[in-house]
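Take a look at the structure below.
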Amino acid sequence: MPASLRHLRTLSDPARSSSLSRVAPYPEHDQELPFLQELHGTNKRKTSWRITLKLDRPSPASLVAALLLVVVVVLQLLVYPRLPASFQLFRPAPPPPQPSCPSVPTYNPFVQELYCRAPAHTPGTLYSRSPHSMALAAAAERVAAEFEYPAEQINRAVHEFIREMDEGLETQGATMSQIPTYVTAVPNGTEKGLYMAVDLGGTNFRVCSIQLHGNSTFSLTQSKVKIPHDIMTAKTSHELFSFLAKQIEAFLKTHHEEHYTSHVEKRRRQSYMGKAYHEELEVFSLGFTFSFPVQQSGINKGTLIRWTKGFDIQETIGKDVCALLQKEIDALHLPVRVAALVNDTVGTLMARSYTSPGKTGTLLGAIFGTGTNGAYVEKLSRITKLSKMASKDAGDVDDSTGEMIVNTEWGSFDNHLSVLPVTPYDRSLDAESNNPGIQMFEKRVSGMFLGEILRRAIMDLVRDQSVPLFSDEHSNQNDVHSTTNIHDDSSLYKQWGLDTSFLSIASGDNSVGLKATRQTLDNEYGVSAASAEDAEAVRLIASAIGKRAARLSAVAIAAVVISTGKLGAPKDIATTTTHAGDAEINEDDIVDIGVDGSLVEFYPNFEEYIREALREVPEIGVRGERRIRIGIAKDGSGVGAALIALVADRVGKGPTSPTSPGGAVGGFFQQILEHLNRSVRTRV
Ligand code: BGC
């Protein structure tokens, strides 16, 4: 009988199987498959080994083996703590899980976790057992739960994000703009020179000069001015850009007086002596960080697509913003040439690459501040729309590195709301904004909007008669014993009246009885004598909004990391272990990300929440998440703009153009540029 048939019969024959359990003689099983022999305990080799141990007198070889085993075990016990983990036979038990908060009054794990993360006092205990207090707790938990953003939704969003990224690389005018920046190299820290940069993109306008030292360090001098609201929504571009030029003038007079006066003097001589007189003017190259969606057609050319973050000057849309700024600079006769147009994310990417430790280039620069956006290094061959663009829209592409930085403009991800979470507060915020239906991702993630989401959630509760928020009746822990009251002129009643920094204050409040939150409510928002319970409720909702923003941020980061294939096979398996299971990642396997913005900088646990969500994405997982290094690129946009101005100089100035006021340029400058091009590190 063929072995396979016999085998089949053996399996289906109950009599035979019962005899097997009584240890059948070998010949019966000679033709069984090996795995069945194992299963039946009749594998010859295994059996004979057992018998040898039990019955035979130990041979000298087995005695030596046993002795060796004992020595190894004793050694392990003695020198165990000093051994590198890869030599340890017995790994220490993983740390016990964090005890869950015993007194948390909720069954929703998302809400429970929010209570547990809150520091200091035992969270949830500021509520009392009174019906009012319990009603407040229940209402706060219901609202907090509306911001829950579970793993399966994250994963759906990551896939949609990747789809929209691909679409943006192929077509003009897609939801996610995927704007080619014409920046084809990232720096490596050896660049030198003195450059200027200005930064327009949010609440403030910054002017700075940056001395690049060439050793990954730089010195920065800067001035900052708040942009008046009427300028943000002015009628004409002139109002905004002349305001910017005046700030540049003031900066030069204050911080580069000598250079400024010598320039004025030279110009005076020139106009006195006439055209025949030639004296070279020393002109600063300026990187213009302009953090709005711009259709770039060259390194210092780009037309505004739309305003975001509360700016609204219709006349500027469709105009070249570099030309607008240069016109106003020239009107003031300043020694400044707008050499590069830079999105803040591109600047962040450049700056992080200049300063980041080790030799790994940076993949992504991301902003989580007033607005949100990311720029990353993409393969030129994947930006297929470049070849389809009309020549008026497409600039010259330097293809020497085969890569280009792409500004995603991810703030407009999923404007059609196919995967983004939607609460009633998101809906009303959008409907009453000056750009409904646009920047839907940004409206859930960035600092411009989170405060307003919280304000809407709080005011809904305040208006709900059944919820005793900021109402005196339940203020049993109101230590000033006065009536809780929202003043009539409280900014809580006004659109944009609650600053996002309040979310950071409330979520990170570890003062007794949440005093910091209550004081801020009192001092800044006209809520006098809020109780500890009020603060507890407000904090719970604030934390839920912040956590959702961080988890959404993880969607964008995960999508970029996955779509660029940067987590492909690790070049080497991690070898060194620092402590329990915490293996170090090889430098070559690190995926470096530079971030900037008030949320990542100040919101408690923002990065931790991002990392948690990254681990929930199967294509990244625990191992992939550990290969992702996230580093703050503080003031990145300024330094980055200077670095791009440096690159742009080669194109704009040429050998006969005015020298940079950095002085030590000229031939050396050319050398640096060549070096920069040779040593590009875009191949992250
Ligand atoms: C703008 C982006 C910018 C981001 C962060 C968004 O509103 O559209 O261009 O990078 O804010 O400042």
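The model shown is predicted, which means the values in this text are computed figures rather than measured ones. One-based numbering, in listed order, for ligands and for the atoms of each.
For Phe205, the ring pair (Phe, Tyr, Trp, His ring centres under 6.0 Å) test picks out no residue, with sequence neighbours left out. Taking the side-chain hydrogen bond (donor to acceptor under 3.5 Å, both in side chains) definition, one finds that Arg615 meets it with Glu625, sequence neighbours left out. With sequence neighbours excluded, the residues that form a side-chain hydrogen bond (donor to acceptor under 3.5 Å, both in side chains) with His159 are Glu619.
At least one side-chain heavy atom of Ile383 sits less than 4.5 Å from a side-chain heavy atom of Val406.
Using a 4.0 Å cut-off between charged side-chain N and carboxylate O, Arg455 and Glu452 make a salt bridge. Here Glu160 pairs with Arg163 in a salt bridge; the nearest charged N to carboxylate O distance falls below 4.0 Å.
Enumerated by chain and number, the residues approaching ligand 1 to less than 4.0 Å through a heavy atom are Ser291, Phe292, Pro293, Thr308, Lys309, Asn343, Asp344, Thr345, Ile367, Gly371, Thr372, Asn373, Glu409, Gln439, Glu442.
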